[in-house]
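The structure under discussion appears below in the form of structure tokens.
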Amino acid sequence: MKYSHKDIEKKWQDRWDAEKAFAATDDKSKRKYYALVEFPYPSGAGLHVGHPRPYTALDIVSRKRRMEGWNVLFPMGWDAFGLPTENYAIKNKMHPRKVTENNVARFKGQLKALGLSFDWDREINTTDEKYYKWTQWIFLELFKKGLAYKKEMNVNWCTSCKVVLANEEVVSGKCERCGADVVRKAKSQWMLKITEYADRLVDDLDTVDYIERVKLAERNWIGRSYGAEVNFDTSMGDKLKVFTTRPDTLYGATYMVIAPEHPYIEKWQESLKNYNDVIAYREAAARKSDFERTEMAKEKTGVRLDGVTAINPLTGKEIPIFVSDYVLITYGTGAIMAVPAHDTRDWEFAKVFGLPIIEVVAGGNVEEEAFTDVETGIMVNSGILNGLEVKDAKVKIIEHLEEKGIGTKKVNYKLRDWVFSRQRYWGEPIPLVWCDHCGWQPIPEDQLPLTLPEVDSYEPTDNGESPLANMTEWVSTTCPKCGAPAKRETDTMPQWAGSSWYFLRYCDPNNDEAFASKEALEYWMPVDWYNGGMEHATLHLLYSRFWAKVLYDLGYISCPEPYLKRTSHGMILGEDGEKMSKSRGNVVNPDDVVNEFGADTMRLYEMFIGDFEKSAPWSTDSVKGCRRFLDRFAALTDMLVPESSAEVEKSLHKTIKKVTSDIEAMKFNTAIAAMMSLLNDIYKAGGADKDTLKTFALLLCPFAPHIAEECYELLGGKGLASLAPWPVYDEDKVKEDSVDIPVSVMGKFVATVSVPVDADEETVYAAAVAMEKVAQRIEGKEVFKRIYKAGKMLNLLCK
RNA sequence: GCGGAUGUGAUGGAAUUGGCAGACAUGCUGGUCUUAGAAACCAGUGCCUCGUGCUUGCAGGUUCAAGUCCUGUCAUCCGCACCA
């Protein structure tokens with residue numbers, strides 16, 4: 001058969017559609033498999049060659065599962081709320097809904113052209129009212145559970161987007177999206193208490209099968225640390241509370257530091273002789289962007305609070321208090337005890353200000369640098385702790401502090417609560433109403449969805465309010481509780497909202513009574529395999545796990561973890577090895593590849609490019625190689641012989657074995673290499689019989705489904721190859737009769753010897769020394785030791 | 001600075017986890033076919049001083065045996081940003 005991709009791709013895509021070949025059925029007697037890829041943000045640029053990589057990978061897994069007889073759910077949808085669409089709409093004076101529609105249509109066409117086996121009947125769109133009704137509903141559940149609260153806080157304010165950004169969206173003091181400067185601004189924001197779930201988000205990682213670097217990223221992001229809170233007496237009578245992970249070093253605390261934003265500065269204003277200096281320092285710190293603050297980190301700065309001192313509760317000594325920006329108001333209590341002998345930052349600060357450095361853990365030279373080792377040190381100069389190891393000292397000191405009422409055991413996290421408000425139009429309206437009498441009230445469930453009103457301008461107001469704030473008739477409403485005049489919240493939700501639960505909606509996407517039926521959730525959840533970008537490990541993945549846990553606590557779903565398995569793909573770089581970007585001019589358009597070489601070639605190439613988890617540069621030459629393989633594969637139908645040779649048959653069964661296991665291990669590249677080898681073997685043998693070729697087509701089907709279907713049909717295969725049973729290999733046919741064993745003399749490889757598979761050591765040895773090359777090497781020497789690993793190698797040691 | 005990853009032919013990458021380094025593919029060379037080119041097919045292709053030689057960023061070590069384990073070191077990429 002001559003392979004013309006344009007002729008066959010449309011044909012099979014239409015047939016799959018017509019037969020609903022990939023629809024997940026409601027047959028609950030069948031074992032289910034839920035494979036999930038991150039749904040894309042349908043940007044105006046269209047599909048990027050990076051998109052198909054993870055999609056094809058899980059498409060291969062899904063297709064194999066179907067052929068193995070599983071009921072497979074492999075859905076797709078659109079994460080379509082978001083800033084770029086809104087910005088584009090503003091610029092081009094279009095409605096964001098229209099922009100979204102256009103982009104979705106384009107994306108969908110591109111995905112369909114790739115022959116991905118998504119169940120399009122379950123397509124969802126986060127901007128669909130029927131969808132975001134439930135995003136709002138879940139938000140209200142969080143609100144009612146006390147997990148949503150409004151807080152006046154310093155937020156990251158993008159000077160260009162005029163929008164509040166989450167910490168995660170700020171990169172080096174710049175806006176992640178537009179690159180403009182980010183400044184701090186006080187604003188009242190909706191927050192979600194993700195910190196309340198911090199422990200479970202860490203601990204439950206032990207129950208799931210995520211690749212290790214994802215778990216690590218989440219653990220670091222949550223940043224749980226164990227320690228103690230300790231109260232220090234001050235000359236003002238107030239207690240100054242600090243958090244420390246090293247309560248064992250308390251005897252060595254020679255000064256204290258509070259963050260520039262610490263409220264005690266105001267409180268103690270009257271007694272501070274240098275109040276003006278302190279305030280000047282605070283203002284300087286506030287003016288610095290995060291980026292500058294970090295750059296300045298090389299030299300510690302600060303101001304001593306003149307007129308106030310603290311007391312070390314164990315030594316009873318009076319110690320000074322400083323204000324310095326190396327202490328953060330957002331972590332712990334915003335104040336620290338400084339132990340310069342055993343903390344690098346404190347040490348640096350102490351050197352600048354000439355403060356005493358008292359060694360309390362022996363083992364280093366604290367005059368040279370801080371000794372921070374907690375494994376080897378022994379406590380000294382530490383009263384009741386002297387002679388103990390650090391870990392024992394920690395236990396003892398906490399007991400002591402609690403006994404005396406000075407301090408308590410305490411766990412702290414780096415994770416902060418989730419800033420959930422955006423002052424933008426293109427997002428889910430937050431379904432809350434402010435009543436002067438009743439406070440924030442949820443709108444009744446029967447009024448959901450609270451839809452986005454039509455506005456004239458999508459631009460945020462200059463003062464940073466959402467464009468919805470200008471819609472007075474929409475904003476004015478009545479209190480659902482008391483009926484008095486009230487005002488709607490005008491902020492919208494962040495893009496992360498819709499994607500925090502979309503995997504639940506796929507289970508039952510058209511349900512109007514619930515976000516999904518209990519039965520559907522029971523059957524399909526949890527997701528069996530979820531693949532997505534590494535960049536989402538700390539954001540989307542964490543957020544969606546959090547929402548799932550809340551819904552679990554409320555009894556709506558029965559799995560505490562939504563995803564059983566999580567993997568991550570590497571990026572596809574430009575041909576020059578750099579990240580693909582318009583400015584570099586190294587962008588490859590998937591449409592061009594599909595047009596010129598076909599979808600099967602595109603799929604095959606993206607899987608063959610290298611280790612799935614690693615990034616890899618694009619190579620047009622290698623694309624041709626994959627196309628060549630498919631051309632040669634198609635030509636096999638003209639190379640039919642009545643019966644395959646024994647070599648071909650063995651090669652076939654080895655390939656079945658290899659491809660079957662490689663797909664499970666995400667080693668798609670070597671699976672394809674194995675099929676290429678099989679093809680080479682068949683060419684060498686001059687052809688193969690019909691059954692061999694049909695089986696080959698089925699093996700190739702998950703990778704290159706269009707050509708596989710076409711060849712399968714041509715060879716007389718019944719029904720769709722995509723739904724035919726997955727090939728099974730015959731153990732006997734994979735077995736080798738003989739095996740080549742490498743023989744070394746004194747650890748140096750000399751030759752291989754061919755022996756029967758079941759040969760014992762004596763036989764192998766006899767065969768080995770019978771070989772001339774080996775005999776030469778050991779001639780005149782005594783073999784004093786033989787190292788033999790059955791079927792693996794033989795090494796002769798002689799003298 | 002801290003954390004993570006990576007380093008193998010001209011190139012992308014393999015290597016059953018300690019046992020023949022370089023599978024598969026690209027590129028290149030030669031051949032067949034062709035007026036010529038492309039395509040296709042066939043053969044070859046790690047390096048050199050051609051040996052009982054050398055070779056997995058570099059330097060050591062463990063081992064009968066190291067791309068794989070250990071120590072040190074260099075380079076590149078990514079993430080985080082003083083988390084007490």
Side-chain angles (χ1 to χ4, degrees), chain A residues 171-173 212-213 216-217 220-221 223-225 227 242-247 249 253 257 259 290-291 293-298 300 324-328 330-339 342-346 348-349 412-416 534-535 537-538 570-571 573 575 577-579 605 608-611 613-626 628-629 631-632 635 658 661 667 669-677 679-680 683-684 740-752 773 776-777 784-789 791-798:
Chain A
V171 178
S172 308
E212 211 38 56
R213 59 199 172 118
L216 196 71
N220 289 344
W221 187 262
R224 178 164 63 187
S225 55
V242 301
F243 171 72
T244 175
T245 56
R246 295 292 306 276
T249 63
V257 185
D290 280 349
F291 188 65
R293 221 164 131 157
T294 333
E295 278 209 318
M296 304 280 184
K298 283 155 196 150
K300 293 275 180 286
S324 173
D325 62 7
Y326 83 90
V327 173
L328 310 175
T330 47
Y331 184 78
T333 62
I336 62 156
M337 66 176 208
V339 186
H342 304 290
D343 181 280
T344 310
R345 295 149 305 174
D346 297 345
E348 287 167 0
F349 189 87
N412 247 310
Y413 307 88
K414 286 189 206 174
L415 184 71
R416 323 259 175 85
M534 211 44 216
E535 69 275 18
T538 51
M571 252 195 307
L573 306 170
E575 206 134 9
E578 302 279 321
K579 198 170 167 175
Y605 172 65
F608 189 58
I609 192 168
D611 187 332
E613 295 201 48
K614 294 194 190 122
S615 52
W618 186 267
S619 158
T620 307
D621 280 336
S622 288
V623 176
K624 286 184 200 151
C626 290
R628 191 169 299 162
F629 166 70
D631 281 329
R632 280 158 59 86
K658 176 94 178 132
S661 60
K667 292 164 81 170
N669 52 340
T670 51
I672 293 167
M675 288 189 281
M676 287 172 168
S677 292
L679 184 81
N680 291 341
Y683 267 73
K684 253 180 222 137
D740 288 341
I741 292 180
V743 181
S744 308
V745 176
M746 295 301 288
K748 274 252 182 250
F749 168 76
V750 178
T752 60
K773 274 189 182 169
Q776 269 174 15
R777 295 286 183 109
F784 67 90
K785 192 167 181 192
R786 304 202 298 235
I787 297 159
Y788 177 68
K789 257 196 164 173
K792 281 276 167 72
M793 48 68 62
L794 174 68
N795 189 9
L796 303 176
L797 303 186
C798 53

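A note on names: the letters A, B, ... follow the listed sequences, proteins ahead of strands, and every chain is numbered from 1.
Using a 90° window around 0 for the glycosidic torsion, rU29(B) falls outside it and is classed as anti. Anti is the classification of rG46(B), since its glycosidic angle lies more than 90° from 0.
Legend: residues meeting salt bridge (charged side-chain N to carboxylate O under 4.0 Å, His left out) with Asp346(A), ordered by chain and number and at least two apart, are absent. Every side chain to side chain contact (heavy atoms under 4.5 Å, CB included) that Glu613(A) has, sequence neighbours left out, goes to Ile211(A), Arg213(A), Asp611(A), Met666(A). Scored by the salt bridge (charged side-chain N to carboxylate O under 4.0 Å, His left out) test, Lys789(A) finds no partners at all (sequence neighbours excluded). The salt bridge (charged side-chain N to carboxylate O under 4.0 Å, His left out) check on Lys579(A) picks up nothing, with sequence neighbours excluded. For the side chain to side chain contact (heavy atoms under 4.5 Å, CB included) test, residues two or more places apart in sequence or in another chain that qualify with Thr330(A) are Leu328(A), Arg416(A). Among residues two or more places apart in sequence or in another chain, the ring pair (Phe, Tyr, Trp, His ring centres under 6.0 Å) test is passed with Phe608(A) by none. Listed by chain and residue number, nothing satisfies the salt bridge (charged side-chain N to carboxylate O under 4.0 Å, His left out) test with Asp740(A) (two or more places apart in sequence, or in another chain). Remark: Lys414(A) pairs with Tyr331(A) by the side chain to side chain contact (heavy atoms under 4.5 Å, CB included) rule, at least two apart or across chains.
The C1' atoms of rG22(B) and rU34(B) are separated by 36 Å, rounded to the nearest whole Å. rG46(B) sits 13 Å from rC24(B) when the P atoms are compared, rounded to a whole Å. Using atom C1' as the reference point in both rU71(B) and rG27(B), the two lie 39 Å apart (nearest Å). Here, rA39(B) and rC28(B) have their P atoms 10 Å apart, quoted to the whole Å. rA25(B) sits 16 Å from rA15(B) when the P atoms are compared, rounded to a whole Å. Distance noted for atom C1' between rU45(B) and rU11(B): 14 Å (whole Å).
Using a 4.0 Å heavy-atom distance criterion, Asn680(A) is classed as a sugar-phosphate-only contact. Within 4.0 Å (heavy atoms only), Leu216(A) reaches sugar-phosphate atoms of the nucleic acid but no base atom. Using a 4.0 Å heavy-atom cutoff across all strands shown, Ser225(A) reaches sugar-phosphate atoms only and no base atom. Gly223(A) comes within 4.0 angstrom of no nucleic acid atom, judged by non-hydrogen atoms across all strands.
In this structure, CZ of Arg416(A) is placed 11 Å from C1' of rA81(B), rounded to the nearest angstrom. We find that OH of Tyr331(A) is positioned 18 Å from P of rC80(B), with the value rounded to whole Å. As rounded to whole Å, 10 Å separates atom P of rG79(B) from atom CD of Glu535(A). At whole-Å resolution of the value, CG in Leu328(A) and P in rA84(B) are 10 Å apart. Atom CZ in Phe749(A) sits roughly 17 Å away from atom C1' in rG18(B) (whole-Å rounding). The distance between atom CG of Asp631(A) and atom C1' of rA39(B), rounded to the nearest whole Å, is 10 Å. For the pair Leu573(A) CG and rA5(B) P, the interatomic distance rounds to 19 Å; values are reported in whole Å. Following rounding to the nearest Å, Met534(A) (CE) and rU6(B) (P) show an atom-to-atom distance of 13 Å.
For Asp631(A) and Arg628(A), the salt-bridge test fails: no basic side-chain N is under 4.0 Å from an acidic carboxylate O.
The backbone N or O of Lys300(A) lies less than 3.5 Å from no partner atom in the side chain of Glu348(A), so there is not a single donor-acceptor pair. Side-chain atoms of Ser677(A) come within 3.5 Å of backbone atoms of Ala673(A) as a donor-acceptor pair (strictly under, hydrogens ignored). Under the 3.5 Å distance criterion, the side-chain polar atoms of Tyr683(A) are matched with a main-chain donor or acceptor of Arg632(A). At distances below 3.5 Å, at least one donor-acceptor pair connects side-chain atoms of Tyr605(A) with backbone N or O atoms of Ser619(A).
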Open item on the list: Before you tell me yes or no, could you show the steps for Phe749(A) and Met793(A) under side chain to side chain contact (heavy atoms under 4.5 Å, CB included), namely the whole-Å CA-CA distance, both residues' side-chain angles and the distance that decides it to 0.1 Å?
Closed with: CA-CA 10 Å; Phe749(A) 168 76; Met793(A) 48 68 62; over 6 Å; no
- [ ] Could you walk me through whether Leu797(A) and Met746(A) pass the side chain to side chain contact (heavy atoms under 4.5 Å, CB included) test, one step at a time?
- [x] CA-CA 5 Å; Leu797(A) 303 186; Met746(A) 295 301 288; 4.2 Å; yes
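Along RNA chain B, the nucleotide nearest Thr330(A) and the nucleotide nearest Ser744(A) are compared for position; the residue whose nucleotide lies closer to the 5' end is Ser744(A).
Picking from rG3(B), rU16(B), rC82(B) the nucleotide with the shortest atom distance to the side chain of Lys792(A) gives rU16(B). Distance from the side chain of Thr752(A) is smallest to rC20(B) among rU16(B), rA84(B), rC20(B). Candidate nucleotides rC82(B), rC80(B), rC42(B) were compared by shortest atom distance to the side chain of Tyr683(A), and rC42(B) ranks first.
Arg628(A) has a side-chain polar atom (N or O) that falls below the 4.0 Å cut-off from OP1 or OP2 of rA40(B). Considering only side-chain N and O atoms, Arg632(A) lies under 4.0 angstrom from the phosphate OP1 or OP2 of rC41(B).
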Can you pull every protein N or O that's under 3.5 Å from an N or O on nucleotides 9-15 of chain B?
residue, atom, partner, partner atom, Å
rG12(B), O2', Ile609(A), O, 3.0
rA14(B), OP1, Asp611(A), N, 3.4
rA14(B), OP1, Asn669(A), ND2, 3.0
rA15(B), OP1, Lys667(A), NZ, 3.1

I'd like a table of atom pairs between the protein and nucleotides 64-67 of chain B - only N or O on both sides, under 3.5 Å - with the distance next to each one.
residue, atom, partner, partner atom, Å
rC64(B), O2', Asn795(A), ND2, 3.3
rC64(B), O2, Asn795(A), ND2, 2.4

For nucleotides 49-56 of chain B, tabulate all protein N/O to nucleotide N/O atom pairs closer than 3.5 Å, reporting atom names and distance.
residue, atom, partner, partner atom, Å
rU52(B), O4', Arg777(A), NH2, 3.4

- [ ] Dot-bracket notation for RNA chain B is requested: 5' to 3', Watson-Crick or G-U wobble pairs only, both distances under 3.5 Å, with ( ), [ ], | and . as defined.
- [x] (((((((..(((......[....)))((((((.......))))))(((..).))..(((((..]....))))))))))))....
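The heavy-atom pair separating Ala217(A) from Thr538(A) by the smallest distance is O-CG2, 3.6 Å.
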